[in-house]
Enquirer: 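I'd like to ask some things about the structure below.
Each chain gets a letter, A, B and so on, in the order its sequence line appears, and its residues count up from 1.
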There are 2 protein chains.
Amino acid sequence: MKEELAKEYIALIPNLFGSFSEVNKNATALSHMQNHVIEYLSMLQRPLNLKEISAGLDIAKQQLTNVVSDLEVHGYVVKKPDPKDKRAVLIALAPKGKEIQEKKWSEIYNRFTHNLSKLNDEEQRDLQFALHKVNVLLTKMEG
Amino acid sequence: MKEELAKEYIALIPNLFGSFSEVNKNATALSHMQNHVIEYLSMLQRPLNLKEISAGLDIAKQQLTNVVSDLEVHGYVVKKPDPKDKRAVLIALAPKGKEIQEKKWSEIYNRFTHNLSKLNDEEQRDLQFALHKVNVLLTKMEG
DNA sequence: TTATTTAGTAATAATATATTTACTAACATA
DNA sequence: TATGTTAGTAAATATATTATTACTAAATAA
């Protein structure tokens, strides 16, 4: 039943919300918008041009000019010309930008492994199997 | 192996990011902060006082006074005194606020069911089983 | 009871974000 | 080639968010 399946998917989102919330609770020197940009680059896992970021974050490209150039000045991202389109500029995470994200992930990681103790061994095995299955199938669905 | 398990959990987050991104791409008349508040109330699924929202969204309570009172004036939330603490005020989603969230969920729902066609019947059954398992176990872990 | 902490409000100034208009260079197409 | 479109930049203005300080009323602890 497709309906039941979609409901399980929808239910998954609030279940992960705690972790997402955690991701955004950071004590960096970056503004909200700057954090969104770095997070978006990190999630998509490839360099993006301003148009893509603009569309993905639903903000005007004019805003990004400043936001991204600030990020570049402070070493969080690097800009390089897009070989496929001489008008476009590709934005990629610099090591300093990746660090920020890795720090957030490690907090999520720690919280998760801590809570894991509330499950017994069998449940932990079940969870691993189920998570793996979900990841494989969701990836296939996106592609 | 706890490590592998945590990695699967971490991998799940970018897999759901597309849907989260979708949730935030709305054409409402609300500001970012107002949207965050409504989203947070919707995710936690119970009335919250300003302190809880403030802590959850990592913003100062002083900001919330205005944000929430605007939301109240426009009918997205309702405020009522907390019976357990006469200083506190509980904020709950009004029907108009719930509508906004339901519209977002329905977009996610539609996108998901559309992509589902990329999986065959067996994969769909597997996904449903795995999602259910993940939801049950993550809920148990949080509690 | 008295002292201290806490939830919420309020007002101000400093930053950040959003909107509008306009421009350049590169791209796409008739 | 001529025409219209697109990616990015720029600057000015309006609005939103953040930070700081201060206050009230209720809760809590000594």
Enquirer: Is it the case that B:Q101 and B:K104 place a side-chain donor and acceptor less than 3.5 Å from each other?
Expert: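 Looking only at side-chain atoms, B:K104 and B:Q101 do form a donor-acceptor pair, the distance falling under 3.5 Å.
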Enquirer: If I take atom CG in residue A:L50 and atom P in nucleotide D:dA10, what distance separates them, rounded to the nearest angstrom?
Expert: 11 Å
Enquirer: Could you state the CG-C1' distance from B:D82 to C:dA7, rounded to the nearest angstrom?
Expert: 10 Å
Enquirer: Between protein and nucleotides 10-22 of chain C, map the contacts as a letter string: B base, S sugar-phosphate only, - none, heavy atoms under 4.0 Å, written 5' to 3'.
Expert: B-----SSBBBB-
Enquirer: What is the distance, to the nearest angstrom, from the CG atom on A:N35 to the C1' atom on D:dT18?
Expert: 14 Å
Enquirer: Using atom types as modelled, flag every donor-acceptor pair under 3.5 Å from a side chain in residues 65-78 of chain A to any protein atom, sequence neighbours excluded.
Expert:
from	atom 1	to	atom 2	distance (Å)
A:S69	OG	A:T65	O	3.3
A:S69	OG	A:N66	O	3.2
A:H74	ND1	A:D70	O	2.9

Enquirer: Do A:E99 and A:K103 make a side-chain contact, defined as non-hydrogen atoms from C-beta onward lying under 4.5 Å apart?
Expert: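 In short, these two side chains do not touch, never coming nearer than 4.5 Å.
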Enquirer: Could you tell me the separation between the NZ atom of A:K51 and the P atom of D:dA7, rounded to a whole number of Å?
Expert: 4 Å
Enquirer: Let me have a per-nucleotide readout for nucleotides 23-28 of chain C, 5' to 3', with B, S or -, counting only protein heavy atoms under 4.0 Å.
Expert: ---BS-
Enquirer: Angle between the end axes of the helix from C:dT1-D:dA30 to C:dA30-D:dT1, five pairs per end, to the nearest 10 degrees?
Expert: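 The angle separating the two end axes equals 50°.
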Enquirer: Looking only at atom types and distance, does a side-chain atom of A:E52 sit under 3.5 Å from a main-chain N or O of A:N49, one as donor and one as acceptor?
Expert: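 Pair found, side chain donor or acceptor close to backbone of A:N49.
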Enquirer: Only counting residues at least two apart or in another chain, list the ones meeting side-chain hydrogen bond (donor to acceptor under 3.5 Å, both in side chains) with A:Y9.
Expert: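 B:S19.
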Enquirer: Is the shortest distance from a Lys or Arg side-chain nitrogen in B:E123 or A:K133 to a carboxylate oxygen in the other one below 4.0 Å?
Expert: no
Enquirer: Extract all donor-acceptor atom pairs below 3.5 Å that involve side chains of residues 82-94 of chain B and protein atoms in other chains or at least two apart in sequence.
Expert:
from	atom 1	to	atom 2	distance (Å)
B:D82	OD1	B:K84	N	2.8
B:D85	OD1	B:R87	N	2.9
B:D85	OD1	B:R87	NE	3.2
B:D85	OD2	B:R87	NH2	2.9

Enquirer: Answer whether the closest heavy-atom distance between the side chains of B:I10 and A:F112 falls below 4.5 Å.
Expert: no
